[in-house]
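Some notes on the structure that comes next.
Just so we're on the same page: letters track the sequence lines, and every chain starts at 1.
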There are 2 protein chains.
Amino acid sequence: MFPALDPLLHSELRLAVVSLLMSVDEADFTYIKEQTGATSGNLSVQIDKLTAAGYITVEKGFKGKMPRTTCRITPSGMEAFKGYVKALKKYIAVGK
Amino acid sequence: MFPALDPLLHSELRLAVVSLLMSVDEADFTYIKEQTGATSGNLSVQIDKLTAAGYITVEKGFKGKMPRTTCRITPSGMEAFKGYVKALKKYIAVGK
DNA sequence: AATATTTGGTTTATATTATAAACTTGTTTA
DNA sequence: TAAACAAGTTTATAATATAAACCAAATATT
C-alpha cells in the first residue's frame with residue numbers, strides 16, 4: 001500500500017538537486033546552490049552522497065582560472081528519480 | 001523554485017499515516033500499523049509527533065476489554081497535507 | 001606591494017530524526 | 001496458574017541533515 005521511498009532521494013536538498021538535474025543537461029555547483037538556496041557545506045555533502053550512489057557524476061574543471069564543479073544526472077539517477085516519483089504518488093494520491 | 005517541505009510530513013511513516021487518515025474517517029492503531037507495515041514503537045512515536053503538531057487527534061478507549069487507540073486527521077492536518085503535496089509537486093514535476 | 005575580500009568549495013561538529021529494541025500492562029488461552 | 005498474546009510506551013542507538021568553521025586561490029583595495 002505504501003511502498004518504501006528511496007532514502008537517498010527522500011531528502012529535501014538531494015531531491016531538489018536531482019530534480020534540477022533532470023531538467024537540464026548539466027549544472028555547476030554555484031548554479032545549483034543558487035537555485036536550491038542551499039548552503040555550500042550542505043550542498044557539498046549531498047552532492048557527495050548522490051555521487052557515491054551513482055545517481056550523478058561530478059566533473060571538476062576550471063572556468064578561466066576559477067574552479068568549477070559540473071554535475072550531471074546518470075541514467076541510474078534518472079531511473080531512481082522516476083521510481084521515487086512513482087512510489088510517492090501512492091502517498092499523495094488521496095482516496096484512490 | 002523549490003519551496004520548503006514541512007519536516008513533519010516529510011517523513012515516510014508520518015506521511016503514510018496522514019495520507020491514510022485523509023482517506024478514512026478514523027483508523028485505529030492496529031489498522032494503521034497493518035496498513036503501513038510500521039513497528040509499534042515507531043508508529044507510537046510518530047503518532048505522538050503528529051498529535052503534538054495538531055495534525056491528528058487521538059482517542060483512547062476500549063474495544064471490549066482491550067485498549068483501542070483511534071486516530072483522526074484534523075482540519076489543520078488536512079491543510080498541512082495539501083500544502084505539502086502542493087510544494088512537493090514543484091520537485092517532481094520535471095521540465096515544467 | 002601588501003592586505004583584504006571574494007569565490008568556490010571541503011571538512012568537521014552538532015543537533016535532530018527515524019527506527020528498533022526492550023519493556024509494561026492487562027487479557028486470553030492451555 | 002503459567003505461558004502466550006495484544007496493544008501499546010519508553011528508551012537507546014544509529015543515521016541524517018544541516019550549519020559552522022575552515023582552506024586555497026583569485027581578485028580587488030589602499
Point to revise | Distance below 4.0 Å between A/S11 side-chain N/O and D/dA17 OP1 or OP2 | key: yes

Practice item. Tell me which of A/L13 and B/R68 sits closer to the 5' end of DNA chain D, going by the nucleotide each one is nearest to. Key: B/R68

Practice item. Give a yes or no on whether a salt bridge exists between A/E59 and A/R72, defined as a side-chain N under 4.0 angstrom from a carboxylate O. Key: yes

Check your understanding: Any side-chain N or O of B/K49 less than 4.0 Å from the OP1 or OP2 oxygen of C/dA18?
Key -> yes

Practice item. Tell me which nucleotide among D/dA19, C/dT19, C/dT7 gets nearest to the side chain of A/V45. Key: D/dA19

Check your understanding: Taking atom P of D/dT27 as reference, at what distance in whole Å does atom NZ of A/K63 sit?
Key -> 12 Å

Check your understanding: Is A/E12 touching bases, backbone alone, or none of the nucleic acid, heavy atoms closer than 4.0 Å?
Key -> nothing

Review point. Looking at B/S44, does any N or O in its side chain come under 4.0 Å of the phosphate oxygens OP1/OP2 on D/dT9?
Key: yes

Check your understanding: What integer distance in Å separates B/N42:CG from D/dA7:P?
Key -> 18 Å

Check your understanding: Is any side-chain N or O of A/T39 closer than 4.0 Å to OP1 or OP2 of D/dT18?
Key -> no

Exercise for review: State whether A/S40 places a side-chain N or O below 4.0 Å from either non-bridging phosphate oxygen (OP1 or OP2) of C/dG8.
Suggested key: no

Review point. Is any side-chain N or O of B/R14 closer than 4.0 Å to OP1 or OP2 of C/dT17?
Key: no

Exercise for review: Have a look at B/K60 and say if it touches a base, only the backbone sugar-phosphate, or nothing, with a 4.0 Å heavy-atom cut-off.
Suggested key: sugar-phosphate

Check your understanding: Do B/M66 and B/V58 sit in the same hydrophobic cluster, where Ile, Leu, Val, Met, Phe, Trp and Tyr count as joined when their side-chain heavy atoms come under 4.5 Å apart?
Key -> no

Review point. In whole angstrom, what separates A/K33's NZ from C/dG8's P?
Key: 9 Å

Review point. Choosing from D/dA7, D/dT18, C/dT28, which nucleotide comes nearest the side chain of B/T30?
Key: D/dA7

